[in-house]
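The structure displayed is predicted, hence computed values, not measured ones.
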Amino acid sequence: MPYAEWLIAVFDRWYGATPGPPVRISLFESLLDLLLGGPTRTETIGGAPSQLAVVDTDGTLTLSDQLKTAYDRADRSGYDVENDTFDALLDHPGVVARQLGTDGLCGRCRECPVVPVCGGGHYPHRYRAGTGYLDRSVYCPDLMALISHVAGVVGDDLRRARECHAKARP
């Protein structure tokens with residue numbers, strides 16, 4: 001899992017920076033938010049419903065540009081601003097599928113203990129010819145390792161904070 005090892009090293013450096021993280025990294029911020037019970041800030045993790053549409057310069061209404069990584073024209077809706085409404089786009093199967101949360105995941109993901117944080121991973125990373133998006137992320141083992149590591153770091157910090165708080169009480 002070289003990707004997980006790299007991400008963990010980057011996270012540790014980012015999280016441990018003094019006086020605090022020098023840059024914003026949405027993946028790490030979302031991991032922290034999700035582990036602490038908050039919402040995700042990105043579509044790449046957490047399984048939040050998609051909240052975007054793209055209007056190309058020619059007026060074509062498309063789904064997330066990130067879907068282009070799954071297969072050729074995966075982002076195409078067949079709609080455009082001249083002939084269709086944004087409400088019509090909301091009924092597009094590609095948009096509806098990305099609103100299902102854990103119900104839109106394969107069984108293996110739904111049963112996974114980190115699915116509340118992972119959310120199945122980034123939607124385009126789940127695509128496989130033949131099964132579509134009903135597969136686990138190609139980065140599943142890496143996400144599991146990263147989430148477990150970040151949860152451990154945050155858990156340690158929370159324990160230390162509680163101990164410090166308890167010692168400070170009169």
Side-chain angles (χ1 to χ4, degrees), residues 1-8 10-11 24-56 58-81 83-155:
M1 293 181 296
Y3 186 51
E5 292 170 11
W6 180 81
L7 283 172
I8 288 168
V10 172
F11 172 81
R24 299 189 70 184
I25 300 177
S26 60
L27 173 63
F28 297 158
E29 289 176 346
S30 285
L31 279 174
L32 294 172
D33 289 342
L34 289 160
L35 286 165
L36 295 170
T40 185
R41 301 177 195 195
T42 177
E43 286 191 25
T44 59
I45 198 158
S50 175
Q51 298 180 5
L52 64 92
V54 178
V55 180
D56 284 346
D58 66 356
T60 303
L61 296 174
T62 63
L63 310 176
S64 171
D65 287 345
Q66 298 165 355
L67 291 173
K68 293 176 183 179
T69 63
Y71 61 90
D72 188 38
R73 303 182 61 76
D75 64 321
R76 298 298 163 177
S77 69
Y79 301 150
D80 64 72
V81 293
N83 301 302
D84 303 288
T85 66
F86 284 98
D87 286 342
L89 187 63
L90 292 174
D91 292 329
H92 185 279
V95 173
V96 171
R98 296 174 67 214
Q99 308 305 308
L100 298 174
T102 54
D103 289 339
L105 300 176
C106 68
R108 193 168 175 187
C109 287
R110 286 193 306 269
E111 296 168 6
C112 180
V114 300
V115 75
V117 176
C118 172
H122 194 31
Y123 191 74
H125 297 165
R126 298 195 310 251
Y127 180 80
R128 305 285 188 289
T131 58
Y133 297 96
L134 286 176
D135 210 327
R136 52 187 211 140
S137 170
V138 67
Y139 297 108
C140 181
D142 299 285
L143 288 170
M144 179 74 79
L146 176 64
I147 292 166
S148 297
H149 176 78
V150 173
V153 169
V154 170

Output the distance between atom [atom1] ([X]) and atom [atom2] ([Y]), rounded to the nearest 0.5 Å.
X: Leu100; Y: Ser50; atom1: CG; atom2: OG; value: 11.5 Å
X: Gln51; Y: Ser64; atom1: CD; atom2: OG; value: 12.0 Å
X: Thr85; Y: Leu61; atom1: OG1; atom2: CG; value: 8.5 Å
X: His92; Y: Arg98; atom1: NE2; atom2: CZ; value: 11.0 Å
X: Ile45; Y: Glu29; atom1: CD1; atom2: CD; value: 13.0 Å
X: Phe28; Y: Leu146; atom1: CZ; atom2: CG; value: 6.0 Å

Side-chain donor-acceptor pair present, [X], [Y], cut-off under 3.5 Å:
X: Asp58; Y: Thr60; result: yes
X: Glu43; Y: His122; result: no
X: Thr44; Y: Thr42; result: yes

Looking only at non-hydrogen atoms, find the nearest pair between [X] and [Y] and report the distance.
X: Ser30; Y: Arg41; answer: OG-N, 2.8 Å
X: Pro124; Y: Ala70; answer: O-CB, 4.2 Å
X: Thr40; Y: Ala48; answer: CG2-CB, 3.4 Å
X: Cys106; Y: Leu134; answer: CB-O, 3.7 Å
X: Ser137; Y: Gly121; answer: CB-CA, 4.4 Å
X: Tyr133; Y: Ala74; answer: OH-CB, 3.9 Å

Please tell me if the side chains of [X] and [Y] come closer than 4.5 Å, counting only heavy atoms from C-beta onward.
X: Leu143; Y: Val117; result: no
X: Met144; Y: Cys112; result: yes
X: Leu7; Y: Tyr3; result: yes
X: Leu35; Y: Val150; result: yes
X: Thr102; Y: Leu105; result: yes
X: Val153; Y: Phe11; result: yes
X: Arg126; Y: Arg136; result: no
X: Leu63; Y: Tyr123; result: no

Open item on the list: So does Ala145 get a backbone contact from the side chain of Ser148, meaning a donor-acceptor N/O pair under 3.5 Å?
Closed with: no
- [ ] Please lay out, stage by stage, how Phe86 and Val55 fare under the test side-chain contact (heavy atoms from CB on, under 4.5 Å).
- [x] CA-CA 10 Å; Phe86 284 98; Val55 180; 3.8 Å; yes
Task: Salt-bridge present (Asp135, Arg128; N to O < 4.0 Å) - done: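 Arg128 and Asp135: salt-bridged.
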- [ ] Verify the neighbour count for atom OH of Tyr71: are there more than 12 heavy atoms of other residues, nucleotides or ligands below 6.0 Å?
- [x]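 Yes, OH of Tyr71 has more than 12 neighbouring heavy atoms, counting only those of other groups under 6.0 Å.
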Open item on the list: Once you measure the plane-to-plane angle for Tyr139 and His125, does it fall in the parallel (<30°), tilted (30-60°) or perpendicular (>60°) bin?
Closed with: perpendicular
Task: By side chain to side chain contact (heavy atoms under 4.5 Å, CB included) - contacts of Val54 (at least two apart) - done: Leu52, Asp56, Thr62, Asp65
TODO: Please report the C-alpha distance between Asp84 and Asp80 in whole Å, then the side-chain angles of each, then the deciding distance to 0.1 Å, and finally whether the side-chain contact (heavy atoms from CB on, under 4.5 Å) criterion is met.
DONE: CA-CA 6 Å; Asp84 303 288; Asp80 64 72; 4.2 Å; yes
